[in-house]
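Each chain gets a letter, A, B and so on, in the order the sequences are listed, and its residues count up from 1. Here the structure is a predicted model, which is why all the values come from computation and not from measurement.
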Amino acid sequence: PRRSPVKDEL
Amino acid sequence: MNLFRLLGDLSHLASIFILIHKIQTTRSCRGISFQTQALYVTVFVARYIDLFFRWISLYNFFMKIFFIASSVYILYLMKYRYRPTHDPSIDTFKVEYLVGPAVVLSLIFNYKFEFTEILWTFSIYLEAVAILPQLFMLQRTGEAETITTHYLAALGAYRALYIPNWIYRYFTEDVVDPIAIVAGLVQTGLYLDFFYVYFTKVLQGQKFELPA
């Protein structure tokens, strides 16, 4: 999986 | 957007409405930690600074505006409108013990050493522990108004629902956000004791009281 921040969350 | 995430966000919204409702109907902020509420304002402002440079969706935009505005409004209610009903002598948790480590940790463990990125990380770490002054106050007084416990339950449910949301996203979108997940697990863990009493007492119709 991509270890990317999910910045679309609140 | 998946169902867990949506229910989590709605639960978060509900918790804020419950809190405002409690303060306005009882005309009192008794039992509510001002420090925890002030920490939430800090969390939202630090994290949602991205309103200025990152567009995600209309939903995201309005939720962020709502969380900032409502948390500031709650501080106003506590600090001015219903100030005499707040007793600082039982709200004595040292918030610097939370803010300090959150600052240090965000400087060490972050995705990118950039100002807004560190602010985001700081807000994640701080949110994880922001409820502690409130739980500490509950522990000290040993009891709570039922409506206050509903507020805390909704807030805890919001965090708990984010966990299946991450699991779902791991499988469907192939994304993992270790910082958010670790902090989220810690945050949810802090509610376990509370949830135990909430389910065994409040939902059975009894008053929220901790054993002496």
Notebook entry, point to check: What is the minimum heavy-atom distance between Y59(B) and L10(A), and which atoms define it?
Noted result: CE2-CD1, 4.3 Å
Item checked: Interface residue of largest heavy-atom contact number with chain A, from K64(B), E127(B), R54(B), under 4.5 Å -> R54(B)
Next item on the list: Verify, without hydrogens or angle tests, whether Y162(B) (side chain) and E9(A) (backbone) share a donor-acceptor contact under 3.5 angstrom.
Entry: no
Next item on the list: Find the distance between NZ (K7(A)) and CD1 (I56(B)) and round it off to the nearest 0.5 Å.
Entry: 9.0 Å
Notebook entry, point to check: Does atom CZ of F52(B) have more than 12 heavy-atom neighbours, drawn from other residues, nucleotides or ligands, at distances under 6.0 Å?
Noted result: no
Notebook entry, point to check: Which atoms of N60(B) come close to chain A, meaning under 4.5 Å heavy atom to heavy atom: side chain ones, backbone ones, both, or neither?
Noted result: both
Item checked: Salt bridge present between D8(A) and R169(B) (N-O < 4.0 angstrom) -> yes
Item checked: Partners meeting side chain to side chain contact (heavy atoms under 4.5 Å, CB included) with A154(B) (sequence neighbours left out) -> S11(B), S15(B), I18(B)
Check: Any chance CG of D193(B) has more than 12 other-residue heavy atoms, nucleotides or ligands included, within less than 6.0 Å?
Finding: no
Next item on the list: Spell out the residues in residues 25-45 of chain B that have some non-hydrogen atom less than 4.5 Å away from a non-hydrogen atom of chain A, in order of number; otherwise answer 'none'.
Entry: none
Next item on the list: Using a cut-off of 6.0 Å, state whether more than 12 heavy atoms not belonging to Q139(B) lie near its atom CD.
Entry: no
